[in-house]
Amino acid sequence: MWKQMLCMLSVCAIAHGVLVPLDSFSQDMLVKLFRQVLLEKVAVEWNVTVEQSNVLKTKNTECNGKIDAKINACKSETQSTCGQSPTFTDYLNLINPYTYMKGPLDDIGHSIAGVGNLIADGGKQFVSSMNGLVSSTGKVFTDAFSGLKDGLNKLGGVFGSGGNTVLGGLGSVGSGIKDGLSTVGSGIKDGFTTVTDALGSVGQSIGSALGSLFRGKREITAEARRCMERCASCQPLLLEKEQMVRSICGDEAVELNKTVSKRVQQISAIYNATIDTVHPIVTKIEYDPASMSNMKFTTVFLTAYVKGSYVRYQSTASYAMMDIPGTVREVALEYWNKMA
Ligand SMILES: *[C@@H]1O[C@H](CO)[C@@H](O)[C@H](O)[C@H]1NC(C)=O
Ligand SMILES: *[C@@H]1O[C@H](CO)[C@@H](O)[C@H](O)[C@H]1NC(C)=O
Ligand SMILES: *[C@@H]1O[C@H](CO)[C@@H](O)[C@H](O)[C@H]1NC(C)=O
């Protein structure tokens with residue numbers, strides 16, 4: 001970058017609007033910093049997402065209970081109204097959020113060893129953030145974090161004097177995690193099996209057809225539907241899944257679920273793009289040397305890998321030569337939003 005600056009101050013009188021590529025040394029340095037900032041944000045966003053997932057998990061459990069109650073009410077109403085006992089076996093399919101966090105966290109676990117040479121601080125900050133995340137949330141989502149934990153374990157002493165340093169604090173949390181696993185594990189299982197058991201054992205008259213509602217294809221038999229339609233308490237159960245959940249548990253359960261799964265998707269896509277060596281995240285940075293104002297180049301173009309293809313765009317950020325970290329943060333945030 002100093003080369004550019006000198007160039008600016010001396011000879012390189014270039015006409016406005018002519019873009020020149022950043023020299024490769026400066027570009028490499030900026031891209032490493034760019035990756036570092038993105039990964040730090042990945043860690044922070046994971047933290048937020050985990051907290052949201054905790055809330056969602058509670059909501060899902062409550063919601064399962066409400067659906068359970070609704071099903072029981074419908075069952076007894078159909079029984080007395082038309083002598084039918086629907087089984088609803090497949091009804092309860094509210095996915096616990098940890099199930100869709102697990103894959104992306106495993107991916108980080110698998111790839112985390114390769115992160116180091118791609119980013120400016122060698123991955124230290126990211127690794128220690130993920131460590132912090134594992135130890136602070138491990139108790140709640142043990143299974144979801146197991147792949148990540150393995151990956152961090154394999155890093156061993158890379159960033160410290162020994163494996164224990166990398167996983168600092170985990171040792172003492174270990175037993176807590178174990179307890180958490182069995183407690184949470186059986187809690188989840190109970191949440192799901194209670195309802196299934198309650199309904200699964202009841203007759204099959206309507207149930208086998210009804211159960212397919214969430215799987216999409218099969219229809220409720222006309223007879224079953226007629227009986228349910230006559231019963232007020234069965235109405236919500238006749239809706240398609242999302243509407244049913246809205247109707248029984250409220251919009252919030254559905255919206256939070258969407259928020260969490262969308263975030264997981266975005267964070268994971270950005271993580272992938274950041275460590276992608278086949279399609280490096282940024283291949284070109286260009287600026288207009290004549291756009292200098294207050295030690296900033298105001299016209300900057302990036303060529304970056306966005307959602308599966310290279311896109312060249314003008315950045316809203318200025319290339320501030322006296323504040324490279326600030327510049328990179330702005331550019332990284334802009335990229336983050338492009339990946340939404
Ligand atoms: C996650 O966020 C909470 C606050 O929401 C904070 O107390 C905790 O330190 C964060 N954990 C990490 C690993 O950043
Ligand atoms: C929650 O989101 C997941 C993943 O997108 C989806 O499969 C599931 O059906 C959603 N659950 C509810 C209750 O909306
Ligand atoms: C990220 O990469 C992993 C491993 O290559 C892949 O399984 C996953 O689907 C990718 N996720 C996204 C959101 O692109």
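As the structure lists them, so they are numbered: ligands from 1, and atoms in each ligand from 1. Just so you know, these numbers come straight off a predicted model, no measurement behind them. Numbers here simply count residues along the sequence, with the first being 1.
- The ligand atoms of ligand 3 that sit less than 4.0 angstrom from a heavy atom of Ser268 are 11 (N), 12 (C), 13 (C).
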Between Cys63 and Cys249, does the disulfide (SG to SG under 2.5 Å) criterion hold? Intermediate values first, please. CA-CA 5 Å; Cys63 185; Cys249 306; 1.9 Å; yes
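- There is no side-chain donor-acceptor pair under 3.5 Å between Tyr305 and Asn272.
- The shell of residues lying under 4.0 angstrom from ligand 2, judged by heavy atoms, includes Lys241.
- Under a 4.0 Å criterion applied to the non-hydrogen atoms of Ala269, ligand 3 contributes the atoms 13 (C).
- Contact check for Lys102 versus Ser146: side-chain heavy atoms found under the 4.5 Å cut-off.
- Using a 4.0 Å cut-off between a side-chain N of Lys or Arg and a carboxylate O of Asp or Glu, Glu242 and Arg246 qualify as a salt bridge.
- Considering backbone and side-chain atoms together, Gln265 places no N or O closer than 3.5 Å to any N or O of ligand 3.
- With a 4.5 Å cut-off on side-chain heavy atoms, Cys74 and Asn72 do not count as touching.
- Closer than 4.0 Å to atom 11 (N) of ligand 3 lies at least one heavy atom of the protein.
- In this structure, the protein non-hydrogen atom closest to atom 6 (C) of ligand 3 is Asp107 OD2, 3.8 Å.
- For atom 5 (O) of ligand 3, the nearest protein heavy atom (residue, atom name, distance) is Asn272 ND2, 4.8 Å.
- Distance screen at 4.0 Å: atom 2 (O) of ligand 3 has a protein heavy-atom neighbour inside the cut-off.
- For the residue pair Gln52 / Thr259, no side-chain donor-acceptor distance below 3.5 Å is found, with atom types taken as modelled.
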